[in-house]
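Taking it in order: structure first as structure tokens, then the write-up.
For this chain, numbers begin at 1 and follow the sequence in order.
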Amino acid sequence: AAQAGRPFSVLLAQILDSVSAKLEEKAIHPLLAEREVKRRGILLITTDRGLCGALNANLFRVVTELEGEAVFVSMGRKGTQFITRTGRKLLAEFPLSDKVGLHEIRPAAEMLVKAFLDGEVDTFEVIYPRFVNTLNQAPTRVQLLPISGIEDILKTLPDASEGAAFRRDPRDMTFEPDALAVLDRLLPLHISGQLYQIALSSKASEHSARMVAMKTAKDNATKLLDDLSLQYNKARQAAITQEILEIAAAQFAQS
């Protein structure tokens with residue numbers, strides 16, 4: 001699902017890039033406008049359960065390296081527990097099921113947009129495990145708000161190397177009623193879509209990390225069992241040999 005959603009996300013990012021390029025400087029949309037960062041907003045996406053190796057620990061390391069004042073929004077119980085345990089400010093938490101649905105993402109996306117537009121935060125970033133492949137889940141921090149260029153957007157998607165071939169559409173376009181009105185509808189859709197793609201990537205990472213962790217645990221348990229069986233058989237053989245020697249020594253003494 002994480003990989004299948006990539007074409008839609010790429011196309012949506014290309015449309016957004018084309019529309020925003022047609023805006024005049026004085027007509028910058030609030031969700032595109034950058035401002036001085038006094039307070040950062042961080043959306044932390046983790047797992048609800050453990051037994052997935054160092055997946056969550058790697059994300060927490062990224063959080064501890066953050067500088068400046070920050071407030072947090074959490075998806076996943078492990079992240080919520082970490083934020084409250086370390087005394088960081090938690091604005092909100094949202095559930096995220098194993099079968100990620102867009103209906104789960106929309107409330108979080110709306111809350112992030114509202115906090116940004118109301119000036120509660122000056123930027124919103126997402127920290128999550130990006131799915132690279134079954135063995136590699138990269139802890140990643142990307143900017144969600146204000147919306148950045150298409151190159152940064154494509155970095156959030158699986159197989160991000162494909163984004164290097166993107167070229168902006170050079171054709172002239174006419175927007176009805178105007179580009180800002182189009183962006184008013186397009187930007188919330190883009191934010192929900194990007195966050196949905198990030199959540200899918202996080203879940204793919206979680207399932208892969210847990211599968212690898214459980215296979216490693218099984219292999220270690222099998223090796224430990226083999227070692228213990230070998231020690232048991234050696235001890236058993238030594239005991240049998242000792243008994244035979246004692247019997248032979250007793251019979252020799254009697255004769």
Side-chain angles (χ1 to χ4, degrees), residues 1-6 43-66 72 74-88 93-101 104 126-142 155-161 196-255:
Q3 292 174 333
R6 177 184 163 80
L43 172 60
L44 178 61
I45 301 181
T46 60
T47 68
D48 286 334
R49 301 178 297 275
L51 300 177
C52 52
L55 188 73
N56 291 319
N58 291 335
L59 297 174
F60 298 156
R61 189 177 300 113
V62 176
V63 173
T64 57
E65 293 172 354
L66 294 175
F72 291 82
S74 173
M75 281 187 171
R77 283 197 295 269
K78 292 294 183 181
T80 302
Q81 293 168 1
F82 172 78
I83 292 169
T84 54
R85 186 174 65 248
T86 55
R88 291 174 167 84
E93 57 177 307
F94 295 92
L96 192 62
S97 64
D98 284 339
K99 295 183 178 179
V100 181
E104 298 177 283
V126 185
I127 297 176
Y128 73 105
R130 183 170 68 86
F131 177 76
V132 180
N133 53 50
T134 304
L135 298 176
N136 188 3
Q137 302 86 36
T140 305
R141 177 169 58 90
V142 296
K155 289 177 183 178
T156 68
L157 305 177
D159 195 11
S161 59
Y196 176 61
Q197 194 65 36
I198 287 173
L200 284 174
S201 183
S202 299
K203 280 299 176 182
S205 296
E206 176 185 347
H207 294 318
S208 296
R210 183 168 288 117
M211 179 181 68
V212 172
M214 292 300 97
K215 182 180 184 304
T216 302
K218 178 181 179 297
D219 292 343
N220 290 340
T222 302
K223 183 177 182 301
L224 180 62
L225 181 61
D226 291 342
D227 292 343
L228 291 175
S229 297
L230 181 61
Q231 291 180 19
Y232 170 77
N233 289 332
K234 285 182 177 179
R236 177 173 172 272
Q237 187 63 44
I240 293 173
T241 303
Q242 182 64 30
E243 290 178 3
I244 293 175
L245 289 175
E246 290 175 355
I247 293 172
Q251 291 179 346
F252 179 75
Q254 289 178 359
S255 61

Run the side-chain contact (heavy atoms from CB on, under 4.5 Å) test on I83 and L44 for me, step by step, so that the C-alpha distance in whole Å, both residues' side-chain angles and the decisive distance to 0.1 Å come before the verdict.
CA-CA 9 Å; I83 292 169; L44 178 61; 4.1 Å; yes
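- Atoms OH and CE, on Y128 and M75 in that order, are 13.5 Å from each other to the nearest 0.5 Å.
- For the pair L59 and P129, the minimum side-chain heavy-atom distance is below 4.5 Å.
- Annotation: salt bridge (Lys or Arg N to Asp or Glu O under 4.0 Å) contacts of R210 (sequence neighbours excluded): E206.
- Between the side chain of S205 and the backbone N or O of F131, at least one donor-acceptor pair lies under 3.5 Å.
- Side-chain contact check for R88 and T86: at least one donor-acceptor pair (N or O, by modelled atom type) lies under 3.5 Å.
- A donor-acceptor contact shorter than 3.5 Å is absent between the side chain of T134 and the backbone of S208.
- With hydrogens and angles disregarded, no donor-acceptor distance shorter than 3.5 Å links the side chain of Q137 to the backbone of V132.
- Taking CG from L96 and OG from S74, the interatomic distance works out to 10.0 Å, rounded to the nearest 0.5 Å.
- The CZ atom of R130 sits 8.0 Å away from the CG atom of N136 when rounded to the nearest 0.5 Å.
- Side-chain atoms of N233 and R236 form no donor-acceptor pair, as typed in the model, at a separation below 3.5 Å.
- Salt bridge status for K223 with D227: present, with a side-chain N to carboxylate O gap under 4.0 Å.
- Electrostatic pairing of D98 and K203 counts as a salt bridge here, judged by a charged N lying under 4.0 Å from a carboxylate O.
- Partners of S229 by side chain to side chain contact (heavy atoms under 4.5 Å, CB included), not counting sequence neighbours, listed by chain and number: L225.
- When atom types are taken as modelled, the side chain of T140 and the backbone of A138 share a donor-acceptor pair closer than 3.5 angstrom.
- Not a single donor-acceptor pair under 3.5 Å links the side chain of E65 to the backbone N or O of V62.
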Walk me through whether L43 and I127 qualify under side-chain contact (heavy atoms from CB on, under 4.5 Å).
CA-CA 6 Å; L43 172 60; I127 297 176; over 6 Å; no
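- Of the options R49, K78, R61, a side chain to side chain contact (heavy atoms under 4.5 Å, CB included) to N56 is made by K78 and by none of the others.
- In this structure, OG1 in T84 is found 12.0 Å from CZ in F72, a value given to the nearest 0.5 Å.
- Of all heavy-atom pairs spanning C52 and A209, the tightest one is O-CB, 3.6 Å.
- To the nearest 0.5 Å, atom OG1 of residue T80 and atom CZ of residue F94 are 10.5 Å apart.
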For the pair F82 and T64, evaluate side-chain contact (heavy atoms from CB on, under 4.5 Å) and give the outcome as yes or no after the intermediate values.
CA-CA 11 Å; F82 172 78; T64 57; 4.0 Å; yes
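- Separating the CZ atom in R77 from the OG1 atom in T46 is a distance of 9.5 Å, to the nearest 0.5 Å.
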